[in-house]
Amino acid sequence: MSAELAKQECQACQVDAPKVSDDELATLLAQIPDWVPEVNDGIMMLERVYKFKNYKLAWAFANKVSELAEQEFHHPAILLEWGKVKVTWWTHAIKGLHKNDFICAAKTDQLL
Ligand SMILES: C[C@H](O)[C@H](O)[C@H]1CNC2=NC(N)=NC(=O)C2=N1
């Protein structure tokens, strides 16, 4: 399921783009079961924490996520810690979740 999502490309972030509807949210979340919807400062985001054996491996993964972000021109928050990387996707332009965020979350999983 998430493989289908990961094959798709992000669209440019327009300020008038629609947030995902509640139905779309449920359907899309089901395709990326390791990701959790979180509301931070009133903005719904997708979050996943990846665990690694040490800092170097976490750092390398964080770099790959950054490269993905530049390729898609859609950028997450990345928290790099010893043995952990937390990736948070949302669309700044609409202060919420767009389908792009789900596509990028699925693509992030494929970097492992
Ligand atoms: C100017 C604006 O920041 C750009 O159009 C892009 C860059 N990357 C982005 N990334 C995310 N997550 N949301 C955006 O709205 C966004 N906009």
Side-chain angles (χ1 to χ4, degrees):
M1 294 254 274
S2 74
E4 284 314 305
L5 211 44
K7 284 186 196 136
Q8 298 177 41
E9 295 303 321
C10 289
Q11 291 89 36
C13 306
Q14 308 292 340
V15 287
D16 59 352
K19 290 188 181 79
V20 292
S21 67
D22 291 348
D23 289 349
E24 286 166 332
L25 178 64
T27 305
L28 289 164
L29 275 177
Q31 297 177 53
I32 47 169
D34 295 315
W35 289 78
V36 179
E38 294 283 352
V39 177
N40 299 308
D41 301 328
I43 299 174
M44 188 173 281
M45 306 177 177
L46 294 175
E47 286 190 359
R48 181 175 179 183
V49 176
Y50 297 87
K51 302 284 180 65
F52 297 91
K53 288 195 193 107
N54 54 43
Y55 190 81
K56 208 164 179 182
L57 290 171
W59 181 8
F61 179 72
N63 282 345
K64 285 164 80 174
V65 178
S66 297
E67 284 160 14
L68 167 66
E70 274 301 286
Q71 281 156 21
E72 296 295 330
F73 203 64
H74 195 64
H75 303 84
I78 303 171
L79 176 61
L80 171 59
E81 301 173 81
W82 193 98
K84 275 202 296 191
V85 176
K86 179 164 80 171
V87 182
T88 306
W89 286 104
W90 80 100
T91 300
H92 310 158
I94 64 172
K95 294 184 171 53
L97 287 177
H98 183 278
K99 186 166 183 193
N100 286 347
D101 299 303
F102 294 85
I103 291 168
C104 285
K107 288 179 184 285
T108 307
D109 287 345
Q110 299 211 323
L111 297 174
L112 283 171

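Note that ligands are numbered from 1 as they come in the structure, with each ligand's atoms numbered from 1 the same way. Quick caveat, the model's predicted, so the values are computed rather than measured.
Of the options D101, I103, T108, L46, a side-chain contact (heavy atoms from CB on, under 4.5 Å) to I32 is made by L46 and by none of the others.
In summary, the side chains of K107 and Q71 do not present any donor paired with an acceptor at a separation below 3.5 Å, with no hydrogens or angles considered.
Classification of the F73-H75 ring pair by plane angle, with boundaries at 30° and 60°, yields perpendicular.
Side chains of I43 and K95 form a contact here, defined as non-hydrogen atoms less than 4.5 Å apart.
In terms of hydrophobic clustering, with Ile, Leu, Val, Met, Phe, Trp and Tyr side chains grouped at heavy-atom distances under 4.5 Å, L79 and W82 are assigned to different clusters.
Salt-bridge formation is not detected for the pair K64/E67: no Lys NZ or Arg NE/NH1/NH2 atom is positioned less than 4.0 Å from an Asp or Glu carboxylate oxygen.
Within 4.0 Å of ligand 1, the residues that place a heavy atom are C13, F73, H74, H75, W90, T91, H92, A93, listed by chain and number.
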